[in-house]
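Heads up: the structure comes next, in structure tokens.
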Amino acid sequence: MKKLTLIAVTLCALVAAGSASAGTWRSNVDFTNRVASSPTSGGGYPIPPGRTVPNAGTCRPGPFNANHSESWVAVKPNSEDLVGSSKFFFDKFSTFYMFYLGSYRMPGGAPGDNKQIEGYDCVSTGTQEMPPSWTNTTDPNVDFDTTGRVYQTMLPFNAYWGGTKLHPDGAIDVVYSDDMGQHWTIGNGGRHLENSGNPSAKQFGHVQDKQWVAVNHIPGNVNKDHVYAGWTVYNGNTAKIRFAVSRDRGLTFARAGTITDPNQTGPLNEYVYPAVDAAGYVYASIISSGTIYVSRSIDDGASFGPWIAVAPAGIIPSCCLPNTTFRDGIAEHFVASQTYPGHLYLTYEDWDGQQMDVKFTYSTDYGFTWSTPVRVNDNADYLSNDQFQPSVAQGPGGALAVAFYDRRAACPGGPSIRPQDVGRTNFCINTSLQAYKDNGSTIVPVLGNVKISEFAWDPEQPDQTIDGIDQMACAGHSNPCTSSAFIGDYFGLAISAGNVYALIVSTHYQSGVLGDGNRQIYYQQQVLAKVPRLEFGSGY
């Protein structure tokens, strides 16, 4: 392996301040962008020449100085302190889809340090046995309780592609941290909430995926600090949602149960998002066969029902949006108000057969009825470009926002944009945000769409190589990455008393890693966007 050359730059110190560009976005706000990801080290698996999967027993210490795809972020209650999480791709093996979850400690709303979440690799566990060592951990999600403990539902798994027989393929855990993500402990007494139970889950079914966490952080509520974990179990062409609850701050979890009913929603239930409202009721959103459903639990997550159909979502039938090779993400996102009981907010992407828009709908009666969905992206030329992967967040005082990736602007020039992509339309990506205000009876937009990414970025970066190995993050796990490039399935959004925060992908920033031909590699980095709430007016 060639020695990687690191430029002496601290990525988290890079700062860009700016406002949205007139002419393509209706409104402008002042905001900052700071790169949150920076090189770190940990344990991972190399890929031997001629293979697409690792050999068992070859885990070793190495760098996490490559792509940082897919993220979530949470605000500690009554503060501006943040903890984020994303995928950290290992060493030079991004194209083989080798990654672990890592966390970001961001005190005061500013990027700090980041690290691999321990307990799932040979270095932190001290053993090559699989498990407890795994080749990957995936799907970032974080939430706080009222004491400052932060939780994440984990999916450790072993690379199942390429005919490997690693055992077992996956499990569901919950981890927690009492020091803002610097150290993590496996909850439930170190036991899985659920494992695959099969020697090759990919072959025989029972594949877990797309897990999420929510915590009741409502002061004074009878279920305060209860932790709710939901995930999908796939078995061929069917899927069900499993759910587990901790009532002692993650130390133990009740036995997981199935909360979906195929008689109500059909056989393929996926993409679960649990949420807790101001009354302490627990909710979950799912998608089943292109329809979004929401259900409520009034018994602290023990049971759910009925499942209410909210809206149809147009699901793109192929992996990729027009003009790109990257895989599309999860269709919907859902949260519940911490201010108004029974107020629920849902956003989703909607493919019409030619292009994709972002939609928004809400309920003020505990999810029994929903508003007519409206298009969030307000660009006049919306039929000629795509807006996708929306996230929704709520904050104190009825503040609400939807953020999404946006391709309304043509690609600019610059060293991080491939020469063949300069000037292309419906291609390079920005991040847009639409603020809303819930006044208790009505929910209204505040200003129009605003741009919160200082720089557009090229989704076909990185297109450089190291030792002939493609550096693109690749869900197709091939070299070169010929299909299913990966930018993440979603990104993080949170609202505090003072700010709106988004943790987003960008390939604009230099990584400090030089590849073949002494070429600077433009990896996917995580960027923290920060917008003061006062930018939307004193009433927001």
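This chain uses plain numbering: 1 for the first residue, then up along the sequence. It should be emphasised that the depicted structure is a prediction, and the values quoted were computed from it without experimental measurement. Values below: every heavy atom of this structure, side chains too, minus hydrogens, waters and symmetry copies.
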Should the pair D91-R60 be classified as a salt bridge under the 4.0 Å nitrogen-to-oxygen rule?
yes
Verify whether one side chain among [X] and [Y] offers a donor that lies under 3.5 Å from an acceptor in the other.
X	Y	value
S416	Q461	no
S133	D121	no
T507	D458	no

At what distance, to the nearest 0.5 angstrom, does [atom1] of [X] lie from [atom2] of [Y]?
X	Y	atom1	atom2	answer
N141	E70	CG	CD	10.0 Å
K87	S37	NZ	OG	15.0 Å
I292	L346	CD1	CG	5.0 Å
I487	L321	CD1	CG	8.0 Å
R519	T465	CZ	OG1	7.0 Å
H192	M154	NE2	CE	11.5 Å

When the ring centroid of [X] is compared with that of [Y], is the distance short of 6.0 Å?
X	Y	answer
H508	W457	no
F88	H68	yes
F304	Y283	no

Hey, does [Y] have a side-chain heavy atom less than 4.5 Å from the side chain of [X]?
X	Y	result
T147	D225	yes
H217	Q338	yes
Y176	R249	no
K210	I330	yes
V233	W231	yes
L514	Q464	no
M130	N158	yes
E270	Y234	yes

Donor-acceptor check, side chain of [X] to backbone of [Y], threshold 3.5 angstrom: yes or no?
X	Y	answer
D143	V215	yes
W134	P132	yes
N33	I452	yes
T153	I172	no
N269	K240	no
D248	L251	yes
S453	A456	no
S85	G102	yes
S511	I521	yes
E80	P107	no

Per ring pair (Phe, Tyr, Trp, His ring centres under 6.0 Å), F491 is matched among Y405, F404, F388 by Y405
Result for ring pair (Phe, Tyr, Trp, His ring centres under 6.0 Å) between Y273 and one of Y228, Y348, F334, W212 points to W212
Identify the heavy atoms of [X] and [Y] that sit nearest to each other, and give their distance.
X	Y	value
D328	D489	O-OD1, 3.6 Å
N67	Q471	ND2-O, 2.9 Å
S103	G181	OG-O, 3.0 Å
P156	D173	CG-OD2, 4.3 Å
P48	P54	CD-CA, 4.2 Å
T138	L101	O-CD1, 3.4 Å

- [ ] Apply side-chain contact (heavy atoms from CB on, under 4.5 Å) to the pair M106 and V73, showing each step before the final yes or no.
- [x] CA-CA 10 Å; M106 297 180 280; V73 66; 3.9 Å; yes
>> Between F31 and E454, is the side-chain contact (heavy atoms from CB on, under 4.5 Å) condition met? List the steps.
In response: CA-CA 9 Å; F31 62 90; E454 178 68 9; 3.7 Å; yes
Worksheet item: So with a 6.0 Å cut-off around CD of Q182, is the heavy-atom count from everything else above 12?
Response: yes
When you look at CG of N78, are more than 12 heavy atoms from neighbouring residues, nucleotides or ligands closer to it than 6.0 Å?
no
Regarding R327 and the six-membered ring of F486, is the cationic atom NZ or CZ under 6.0 Å from the ring centre and inside 45° of its axis?
no
In terms of relative ring orientation, are [X] and [Y] parallel, tilted or perpendicular, with 30° and 60° separating the classes?
X	Y	value
F64	Y100	perpendicular
W72	Y490	perpendicular
F99	Y97	perpendicular

Next item on the list: Carefully, step by step, assess L155 and D209 under the rule side-chain contact (heavy atoms from CB on, under 4.5 Å).
Entry: CA-CA 7 Å; L155 172 56; D209 204 358; 3.7 Å; yes
Yes or no on salt bridge (Lys or Arg N to Asp or Glu O under 4.0 Å) for D300 and R247, after CA distance, side-chain angles and deciding distance?
CA-CA 9 Å; D300 195 33; R247 299 175 175 91; 2.6 Å; yes
Of S432, P390, S391, the one forming a side-chain contact (heavy atoms from CB on, under 4.5 Å) with V402 is P390
Test log, rule side chain to side chain donor-acceptor pair (under 3.5 Å), inputs T40 and N114 | CA-CA 7 Å; T40 186; N114 58 140; 5.5 Å; no
When S506, S71, S38, S86 are each screened for side-chain hydrogen bond (donor to acceptor under 3.5 Å, both in side chains) with Q526, the one that passes is S71
Please walk me through it: do T185 and S177 pass side-chain contact (heavy atoms from CB on, under 4.5 Å)?
CA-CA 6 Å; T185 299; S177 172; over 6 Å; no
